[in-house]
**Q** 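Submitted below is the structure of interest, expressed as structure tokens.
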Amino acid sequence: GMKSMAKPRDPFFDYVEEILAPMGPVTIKRMFGGAGVYAHGVMFALLADGEIYLKADLALKAELEREGSGPFIFRKKDGSEAVMSYYRLPSDASDDPEAASAWGRRALDAALKARQPKSKRAPNA
């Protein structure tokens, strides 16, 4: 058949889609060093260095830290580091789609809340 000129698909992306499948369909888009993971058009995770990092608000961040997770640190060109509000998926969830997706849903919730203007925040339905 015709050889596709597209970049070969990263097998890690297939793994991410499988482990988050219980959440429903996710979309992965390449960006800078890694990729963003989206559900319903909202980015709730980022992929870097073969790890999944979840968007975390303060409550989720505290729970992820208790699980031994650390933040994604973005190294800028000038050598300085920016700690992002994304925390690594706990390793015990990395081979458990139900657990990974439970964390993923909470990250999606945090991402949705972060998008809302603070003044008009809707009560949780």
**Q** Please determine if D109 and K113 form a salt bridge, counting it only when a charged side-chain N lies under 4.0 Å from a carboxylate O.
**A**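 A salt bridge links D109 with K113.
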**Q** Kindly write out the residues that satisfy side chain to side chain donor-acceptor pair (under 3.5 Å) with R106, not counting sequence neighbours, or none if the list is empty.
**A**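 With sequence neighbours excluded, R106 shows a side chain to side chain donor-acceptor pair (under 3.5 Å) to E63, given in chain and number order.
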**Q** Determine, using the 4.5 Å side-chain heavy-atom cutoff (strictly less than), whether F12 and L46 are members of one ILVMFWY cluster.
**A**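 Different clusters: F12 never reaches L46 through Ile, Leu, Val, Met, Phe, Trp or Tyr contacts under 4.5 Å.
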**Q** Partners of E65 by salt bridge (Lys or Arg N to Asp or Glu O under 4.0 Å), sequence neighbours excluded?
**A** none
**Q** Linking I/L/V/M/F/W/Y whenever any side-chain heavy atoms sit under 4.5 Å apart, do Y38 and L20 land together?
**A** no
**Q** Could you give all pairs that pass the ring pair (Phe, Tyr, Trp, His ring centres under 6.0 Å) test and reach residues 53-74, with sequence neighbours left out?
**A** F32-F74, Y53-F72
**Q** Between M84 and M31, is there shared hydrophobic-cluster membership here, with clusters defined by ILVMFWY side-chain heavy atoms closer than 4.5 Å?
**A** yes
**Q** Who pairs with D92 by salt bridge (Lys or Arg N to Asp or Glu O under 4.0 Å), at least two apart in sequence or on another chain?
**A**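 Salt bridge (Lys or Arg N to Asp or Glu O under 4.0 Å) check on D92 returns nothing, list empty.
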**Q** Transitively linked via ILVMFWY side-chain contacts under 4.5 Å: L47 with M43?
**A**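 Cluster IDs for L47 and M43 differ.
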**Q** Between atom CG of L54 and atom CZ of R88, what is the distance when rounded to the nearest 0.5 Å?
**A** 10.5 Å
**Q** Enumerate the ring pair (Phe, Tyr, Trp, His ring centres under 6.0 Å) contacts for residues 84-103, please, sequence neighbours excluded, ordered by first and then second residue.
**A**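 Matches after skipping sequence neighbours: none remain.
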**Q** Do I52 and V37 make a side-chain contact, defined as non-hydrogen atoms from C-beta onward lying under 4.5 Å apart?
**A**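 They are not in side-chain contact.
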**Q** Could you tell me which residues satisfy salt bridge (Lys or Arg N to Asp or Glu O under 4.0 Å) with R75, sequence neighbours excluded, listed by chain and number?
**A** E81
**Q** Decide yes or no for V42 and R115: does some side-chain heavy atom of the first lie under 4.5 Å from some side-chain heavy atom of the second?
**A**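 They are in contact (side-chain heavy atoms under 4.5 Å apart), so the answer is yes.
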**Q** Looking at every non-hydrogen atom in both residues, tell me the closest pair between S101 and A21 and how far apart they are.
**A** OG-N, 4.2 Å
**Q** Quick one about S85 and K55 (side-chain donor to acceptor, distance below 3.5 Å, no hydrogens or angles considered), yes or no?
**A** yes
**Q** At what distance, to the nearest 0.5 angstrom, does CD1 of I19 lie from CG of D95?
**A** 6.5 Å
**Q** Is there a side-chain contact between R105 and P22 (heavy atoms, below 4.5 Å)?
**A**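 They are in contact (side-chain heavy atoms under 4.5 Å apart), so the answer is yes.
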**Q** For S91 and S94, which heavy atoms make the closest approach, and how far apart are they?
**A** O-OG, 2.6 Å
**Q** Any side-chain heavy atom of H40 within less than 4.5 Å of one from L112?
**A**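 Counting from C-beta outward, H40 and L112 never come under 4.5 Å.
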**Q** What I'd like to find out is whether the side chain of P90 reaches to under 4.5 Å of the side chain of L64, using heavy atoms alone.
**A** yes
**Q** Between F44 and G104, which heavy-atom pair has the shortest distance, and what is it?
**A**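 Residues F44 and G104, closest heavy atoms: CD1-O, 3.6 Å.
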**Q** Is there a side-chain contact between L89 and E51 in this structure, where contact means two heavy atoms from C-beta onward sitting under 4.5 Å apart?
**A** no
